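Written below as structure tokens is the structure these notes are about.
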2 protein chains.
Amino acid sequence: MVTEPLTESGAAALSQGFKALSDPVRLRLLSLIAARAGDEVCVCELTDTFTQSGPTISHHLKVLRDAGLVSSERRGSWVYYRIVPAALGTLSQVLDPSTLAARAAGQ
Amino acid sequence: MVTEPLTESGAAALSQGFKALSDPVRLRLLSLIAARAGDEVCVCELTDTFTQSGPTISHHLKVLRDAGLVSSERRGSWVYYRIVPAALGTLSQVLDPSTLAARAAGQ
DNA sequence: CCCTGGTTTCGACGGATGTCAAACTCGACG
DNA sequence: CGTCGAGTTTGACATCCGTCGAAACCAGGG
């Protein structure tokens with residue numbers, strides 16, 4: 001898949017994904033959502049876990065959503081978030097040592 | 001290894017790593033260095049690839065070095081950089097879908 | 001129809017970050 | 001030594017980003 005050094009635009013796209021992961025709060029949010037793989041998590045469950053204010057959590061969830069790492073669905077009064085495994089997988093693979101080796105072999 | 005939702009300090013540590021990857025220039029630098037897996041790359045080879053100034057490239061290399069993603073060695077007049085595979089592997093594994101599934105199963 | 005509780009958006013503020021030019025360090029080579 | 005080239009550090013500047021309180025939005029229930 002990725003067998004060559006990153007292109008300028010490719011790097012820009014990937015860096016967006018990693019930037020979404022570059023904050024401790026977002027990483028914990030993602031972890032909490034991922035811990036229910038397949039299932040969903042209500043925002044209210046998340047806000048209770050953190051000391052930061054509700055708007056801040058909502059902001060971080062939006063960053064994760066804009067990066068395509070999670071998806072959200074409103075049902076009644078509550079909003080539920082779930083993981084988008086493919087997006088995580090893409091980022092994981094870029095850093096995978098075996099992918100790195102393959103890339104070196106291709107070059 | 002990581003079978004539970006991230007702790008507060010664990011998330012902080014990981015976010016440092018991802019923050020180092022959250023810039024397109026650093027991602028391309030890492031890619032260029034990784035493309036020589038095992039071997040090293042001279043800084044002079046890297047600076048030529050980018051439009052940004054030498055000091056800027058040096059700054060980004062320092063960020064990658066401080067994050068433990070690459071290591072540097074001075075030999076004669078030149079400085080050589082190489083990948084630290086273990087560090088990349090750790091970050092990769094956190095995002096690995098199968099690790100995510102295992103974490104969910106453990107919880 | 002208007003409260004009430006859950007969630008997002010807006011506006012503002014302080015700190016972090018990418019970038020460059022200039023100054024500095026460190027080997028090598030006369 | 002003195003200079004030169006490779007790389008790094010420093011200082012400054014503009015921009016971005018995390019955070020909060022206040023306000024707005026939205027669905028459900030008197």
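Please read all numbers here as calculations on a predicted model, not as lab measurements. In the text below, chain A, chain B and the rest are named by the order of the sequence lines, each starting its count at 1.
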Can you check whether [X] has a side-chain N or O nearer than 4.0 Å to OP1 or OP2 of [N]?
X: A:Arg26; N: D:dG18; result: yes
X: B:Arg74; N: D:dT8; result: no
X: A:Lys19; N: D:dC16; result: no

Any sub-3.5 Å donor-acceptor pair from B:Ser22's side-chain atoms to A:Ser15's backbone N or O?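 A pair under 3.5 Å: no.
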
Would you sort out whether B:Phe18 and B:Leu95 count as a side-chain contact (heavy atoms from CB on, under 4.5 Å), showing the intermediate values? CA-CA 11 Å; B:Phe18 288 122; B:Leu95 304 180; 3.8 Å; yes

Value in whole Å for how far the [atom2] atom of [N] lies from [atom1] of [X]:
X: B:Glu73; N: D:dT8; atom1: CD; atom2: P; result: 13 Å
X: B:Leu27; N: C:dG18; atom1: CG; atom2: C1'; result: 15 Å
X: A:Phe18; N: D:dC17; atom1: CZ; atom2: C1'; result: 20 Å
X: A:Asp48; N: C:dT7; atom1: CG; atom2: C1'; result: 13 Å
X: A:Tyr80; N: C:dT7; atom1: OH; atom2: C1'; result: 13 Å
X: A:Glu40; N: C:dG6; atom1: CD; atom2: P; result: 18 Å
X: A:Phe50; N: C:dT7; atom1: CZ; atom2: P; result: 14 Å
X: B:Gln52; N: D:dA14; atom1: CD; atom2: P; result: 20 Å

A:Tyr81/A:Arg65 under side chain to side chain donor-acceptor pair (under 3.5 Å): CA gap, chis, key distance, verdict: CA-CA 9 Å; A:Tyr81 279 78; A:Arg65 202 178 343 127; 3.1 Å; yes

Find out if a path of hydrophobic residues (ILVMFWY) with successive side-chain heavy-atom gaps under 4.5 Å connects B:Leu30 to B:Phe50.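 Both belong to a single hydrophobic cluster.
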
Looking only at non-hydrogen atoms, find the nearest pair between B:Leu6 and A:Ser31 and report the distance.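 Closest approach of B:Leu6 to A:Ser31: N-OG, 2.9 Å.
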
Please report the shortest heavy-atom distance between B:Leu64 and B:Arg26, naming the atom on each side.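 What the structure gives for the nearest pair is CD1-O, 3.8 Å.
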
Does A:Arg75 come within less than 4.0 Å of A:Glu40, counting only side-chain N to carboxylate O?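 Result for this pair is yes, salt bridge flagged.
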
Can you figure out which of C:dT8, C:dA28, D:dT19 approaches the side chain of A:Asp23 most closely?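 So the nucleotide nearest the side chain must be D:dT19.
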
Strand contacts (DNA chain C) in residues 53-69 of chain B, 4.0 angstrom heavy-atom criterion: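 Contacts with DNA chain C under 4.0 Å: B:Ser53, B:Pro55, B:Thr56, B:His59, B:His60.
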
Base, sugar-phosphate, or nothing: which does A:Tyr81 touch, judged by heavy atoms less than 4.0 Å apart?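 Sugar-phosphate contact only - A:Tyr81 comes under 4.0 Å of backbone atoms but never of a base.
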
Most 5' of A:Ser77 and A:Val25 on DNA chain D, judged by nearest nucleotide: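 With A:Ser77 and A:Val25 compared, the 5'-side residue is A:Val25.
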
